[in-house]
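Here the structure is laid out as structure tokens; the discussion comes afterwards.
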2 protein chains.
Amino acid sequence: MMVSTKGRYALTVMVELARKGENGYVSLSDIAESENLSMKYLESIIAILNKGGLLKSLRGKNGGYMLARDPKDYTINEILLLTEGTLAPVNCIMQEGVQCEKAATCSTLPLWAGLDKVIENYLKGITLEDIIKGNRKKMLGDYCESCEPAK
Amino acid sequence: MMVSTKGRYALTVMVELARKGENGYVSLSDIAESENLSMKYLESIIAILNKGGLLKSLRGKNGGYMLARDPKDYTINEILLLTEGTLAPVNCIMQEGVQCEKAATCSTLPLWAGLDKVIENYLKGITLEDIIKGNRKKMLGDYCESCEPAK
DNA sequence: ACATATTCCTACCGAGAGAGTAGGATTTGT
DNA sequence: ACAAATCCTACTCTCTCGGTAGGAATATGT
């Protein structure tokens, strides 16, 4: 498994906020309640999103969080990368290039690099808007049984 | 990170054995030495490959391991799946379908399912032979700088 | 002014997985 | 008989994941 609860919850939060739209700030307790997640744990995750500039926040009464931009301007890659730190499928591939002394002679490295690219490419191609609009075709591609068959 | 050392070493072993070809059995100590890995740890990994039927083994003097089939008949997916148990990028997607009580209403599930498929598809498309032949084009696709540009 | 609702910040903790180690039993070729 | 190999079981250490706890700072309604 590559994506932990941190990244999954983060995405869930972003989706939730995207759904609430521009109707003011949404409080942490609201989000935790509607998603049925621990408020304290969610707090630490939202902190990452907030510090990363993905959210706007307001303290005090009637405060809360809201998206900093339009849902279509967030890629899933961006959200997960921020919360997870890396999405590399293996240790020998780090963000910002390869970090292994055997890299030059490693015959499996191209495989890992290719896998990494495939993942990154997929996640960069999907936005928050795709999720809230339920764009199954884009997410599931040819594997979507309820979509029109691509030809 | 989705693939641990177990899966990576397993793949390395398979590549090593594929290179040695049909020239008899290769001993564990030979493999460990040429890859500069702990023999004891490698032993536990090879045991998985062996029990999974990917290898043939011979005990006693001059014994060792060799591939059970032709390199082109192993997909990377098969090798990693056996050693890692699962390659799902998230917990809510298990092998053999979805396992989450919120699945019916989860708006992020199609994303994870799509990601899972993309990964599986990539790994099923590459064989052990591709690795030992250094088929960079297949592994890296459009990201391969040393390949002919695809058009 | 004050109570209240909220974000913000630091620290802590338990369980489980990852990454190996250790020691020996068993099998086979010479 | 001996050496070289696989096979098997159990153990250990460390780190990350997933979460908890307690309080400080800040804004708002009355």
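A note on names: the letters A, B, ... follow the listed sequences, proteins ahead of strands, and every chain is numbered from 1. Keep in mind that the numbers below use all heavy atoms, side chains included, and drop hydrogens, waters and symmetry copies.
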Check the hydrophobic clustering (I, L, V, M, F, W, Y; side-chain heavy atoms under 4.5 Å; chains of links allowed) and say if A:L140 and A:L123 are grouped together.
no
Considering only heavy atoms, which members of residues 39-62 of chain A lie under 4.0 Å from some atom of DNA chain D?
A:K40, A:Y41, A:R59, A:G60, A:K61, A:N62
Considering all heavy atoms, the nearest A:Y25-A:G64 contact
CD2-O, 3.3 Å
Hphob cluster co-occupancy, A:M39 + A:M66, side-chain heavy atoms under 4.5 angstrom
no
Under 3.5 Å donor-acceptor, A:E84 side chain and A:V3 backbone:
no
From CA spacing to verdict: side-chain contact (heavy atoms from CB on, under 4.5 Å), A:T127, A:D73:
CA-CA 7 Å; A:T127 69; A:D73 294 327; over 6 Å; no
Establish, with yes or no, whether the OP1 or OP2 oxygen of D:dT20 is under 4.0 angstrom from a side-chain nitrogen or oxygen of A:S38.
yes
Could you state the atom-to-atom distance from CE of B:M2 to C1' of C:dA17 in whole Å?
17 Å
Answer yes or no: is there a donor N or O on one side and an acceptor on the other, between the side chain of B:Y74 and the main chain of B:L54, under 3.5 Å?
yes
Under 3.5 Å, side chain of A:Y122 to main-chain N/O of B:L111, donor-acceptor pair present?
yes
Pick base, sugar-phosphate or nothing for B:Y25, based on heavy-atom distances below 4.0 Å to the nucleic acid.
nothing
Give the residues of residues 4-15 of chain A touching DNA chain C, defined as any heavy atom closer than 4.0 Å, sorted by residue number.
none
More than 12 heavy atoms of other residues, nucleotides or ligands under 6.0 Å from CD of A:E129: yes or no?
yes
